[in-house]
Amino acid sequence: MITVLNHPLITHKLTQMRRVETGTKSFRQNLDEVAGLMAYEITRDLKLDPVTINTPVMEYETAELTREIVLVPILRAGLGMVDGILSLIPTAKVGHVGVYRDEETLQPHEYFAKFPENLDEAEVLVLDPMLATGGSADAAIEIVKKHGAKSIKLVCLVGAPEGVELIKKQHPDVDIFLAALDEKLDEKGYIVPGLGDAGDRIFGTK
């Protein structure tokens with residue numbers, strides 16, 4: 001399943017991020033806010049278990065989350081989405097996957113992976129602002145699956161049709177959430193119209 005979140009606030013903030021003149025501070029702040037807004041939709045179908053509690057007035061039968069939520073940003077750009085989601089889900093744990101893309105072949109290579117325990121019992125959100133060729137996301141999903149993850153969502157700001165199709169083909173069991181589905185990839189593998197290199201714009205490295 002793919003869900004594109006056509007919400008006015010998300011669209012507005014994403015527009016500010018797309019502007020070439022937007023600086024690092026504003027880019028980072030808007031990314032935080034978009035990730036937080038996306039978290040509402042991403043978590044819509046999380047499972048609740050019944051629980052009985054005591055309010056100040058009476059005993060009450062209600063429900064609460066019992067499965068852990070684990071955020072797995074793909075280094076390094078995925079780190080920019082963590083704080084926005086943690087602001088809504090502060091009890092979430094955070095793992096990390098390091099995958100770099102070969103500039104010539106565009107193929108992904110793993111260089112780091114560390115996760116909390118019991119991924120098989122958690123709701124795992126793999127985070128990356130850009131879903132371009134899909135190679136890095138595909139590799140990251142394979143890595144979390146090898147560590148036991150069974151319930152996985154891929155959360156990205158901007159996606160290209162090529163990347164979406166790869167993930168749908170390789171991981172039909174993974175739901176994809178996007179703030180926007182863009183037109184295509186260019187000859188260098190960048191999303192068009194896109195918003196440039198998210199990592200460089202988050203961290204001010206270009």
Search all heavy atoms of [X] against all heavy atoms of [Y] and return the closest pair with its distance.
X	Y	value
L14	V34	N-CG2, 4.4 Å
L131	A137	CD1-CB, 3.9 Å
L154	V174	N-CG1, 3.8 Å
G199	D197	N-OD1, 3.0 Å
I74	A140	CD1-CB, 3.6 Å
A92	L71	CB-CG, 4.1 Å

Look only at the side chain of [X] and the backbone of [Y], and say whether a donor-acceptor pair between them is shorter than 3.5 Å.
X	Y	result
N118	E121	no
N30	M17	no
R201	G196	no
S26	G23	no
T22	Q16	yes
R28	I202	yes

Under a 4.0 Å N-O cut-off, is there an ion pair linking R44 with E41?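 Between E41 and R44 there is a salt bridge, with a charged N closer than 4.0 Å to a carboxylate O.
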Audit row: L75, F112, side chain to side chain contact (heavy atoms under 4.5 Å, CB included) steps and yes/no: CA-CA 9 Å; L75 302 177; F112 184 80; 4.1 Å; yes
Any [X] side-chain heavy atom under 4.5 Å of [Y] side chain:
X	Y	answer
R67	D49	no
I141	Q170	no
H96	L79	yes
P73	M81	no
D138	H171	yes
M38	L157	yes
I191	L185	yes
C156	I176	no

Look at the side-chain heavy atoms of Ile, Leu, Val, Met, Phe, Trp and Tyr, link any pair under 4.5 Å apart, and say whether [X] and [Y] land in one connected group.
X	Y	result
V192	L178	no
F27	L37	yes
M1	L5	yes
F203	M130	yes
M58	I53	no

If we ignore angles and hydrogens, is there a donor and acceptor under 3.5 Å between the side chains of T205 and R76? yes
Please determine whether side chain to side chain contact (heavy atoms under 4.5 Å, CB included) holds for the pair E162 and T133, giving the CA-CA distance in whole Å, both sets of side-chain angles, and the decisive distance to 0.1 Å. CA-CA 6 Å; E162 295 90 335; T133 64; over 6 Å; no
Say you draw a straight line from [atom1] of [X] to [atom2] of [Y]; how long is it, rounded to the nearest 0.5 Å?
X	Y	atom1	atom2	value
I2	L181	CD1	CG	5.5 Å
E33	L31	CD	CG	9.5 Å
I42	K153	CD1	NZ	8.5 Å
L65	I89	CG	CD1	8.0 Å
E64	L48	CD	CG	9.0 Å
L127	I85	CG	CD1	4.5 Å

Report the C-alpha separation of T3 and D175 in whole Å, then their side-chain angles, then the decisive distance to 0.1 Å, and conclude whether the side chain to side chain contact (heavy atoms under 4.5 Å, CB included) test is met. CA-CA 8 Å; T3 302; D175 292 335; over 6 Å; no
Could you point out which residue of V94, V124, V70, V97 forms a side chain to side chain contact (heavy atoms under 4.5 Å, CB included) with F115? V97
Verdict with supporting geometry, D128 and V126, side chain to side chain contact (heavy atoms under 4.5 Å, CB included): CA-CA 7 Å; D128 197 359; V126 177; 5.9 Å; no
More than 12 heavy atoms of other groups within 6.0 Å of [X] [atom1]:
X	atom1	result
Y111	OH	yes
E117	CD	no
Y40	OH	no

